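What you see is a predicted model; the values in this text were computed from it and never measured.
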Amino acid sequence: MFRPPLTLTSSNAKTVLEAGLHAIRSGQSTIDMAGVTTVDSAAVATLLAWQRAARREGGTLTFVNLPDSLRNLSQLYGVIDLLHVPAAAQVHADLHHH
């Protein structure tokens with residue numbers, strides 16, 4: 001499962017975007033955002049770009065463990081529904097089954 005670095009901001013978005021695109025081309029369908037602690041609007045744009053890339057590949061991408069800051073930005077920009085983010089309760093339930 002692909003896991004972006006601690007920071008996903010305009011300063012490193014291009015590098016992180018490319019790493020995520022490579023993971024998607026390699027068949028990844030879930031991105032774990034648990035380790036991400038610092039974000040800005042570039043993070044939202046990166047997630048949307050990954051989602052578009054997954055659709056072009058014929059799949060759907062799911063983001064799990066979205067930090068509150070990224071969830072809040074996504075809601076503020078009105079794109080949270082485009083990201084396929086499971087409800088927090090569902091993520092915790094899934095983790096207990098593994």
Item checked: Where Leu21 and Ala53 come nearest, the two heavy atoms and their spacing -> CD2-CB, 3.4 Å
Next item on the list: Over all heavy atoms of both residues, which pair between Ser10 and Asp40 is shortest? Give the atoms and the distance, please.
Entry: N-OD2, 3.1 Å
Note to self: Show the nearest heavy-atom pair for residues Val16 and Pro5, with the distance to one decimal.
What the structure shows: CG2-CG, 3.6 Å
Check: If you take all heavy atoms of Arg55 and Leu82, which pair is closest and at what distance?
Finding: NH2-O, 3.6 Å
Checklist line | Closest approach of His84 to Leu61 (non-hydrogen atoms, all atoms of both residues) | finding: CB-O, 3.4 Å
Check: Just by distance, do the side chain of Gln28 and the backbone of Phe2 share a donor-acceptor pair under 3.5 Å?
Finding: yes
Note to self: Hydrogens and angles aside, do Thr9 and Thr7 bring a side-chain donor and acceptor to less than 3.5 Å of each other?
What the structure shows: no
Check: Do the non-hydrogen side-chain atoms of Val36 and Leu6 ever get within less than 4.5 Å of each other?
Finding: no
Item checked: Heavy-atom side-chain contact between Thr37 and Pro67 under 4.5 Å -> no
Next item on the list: Could you point out which residue of Leu66, Leu76, Leu83 forms a side-chain contact (heavy atoms from CB on, under 4.5 Å) with Arg71?
Entry: Leu66
Next item on the list: Going by the side-chain contact (heavy atoms from CB on, under 4.5 Å) test, name the single residue among Thr15, Leu17, Leu70, Leu47 that passes it with Leu8.
Entry: Leu47
Next item on the list: Keeping the roles fixed (side chain from Asp32, backbone from Phe63), state whether a donor-acceptor pair exists under 3.5 Å.
Entry: no
Check: Between CG of Leu48 and CD of Gln51, what distance do you get to the nearest 0.5 Å?
Finding: 8.0 Å
Checklist line | Any Met1 side-chain heavy atom under 4.5 Å of Val64 side chain | finding: yes
Next item on the list: With rounding to the nearest 0.5 Å, note down the distance linking OG in Ser26 to CD in Glu57.
Entry: 9.5 Å
Notebook entry, point to check: Closest approach of Pro4 and Ile31, non-hydrogen atoms and distance?
Noted result: CD-CG2, 3.8 Å
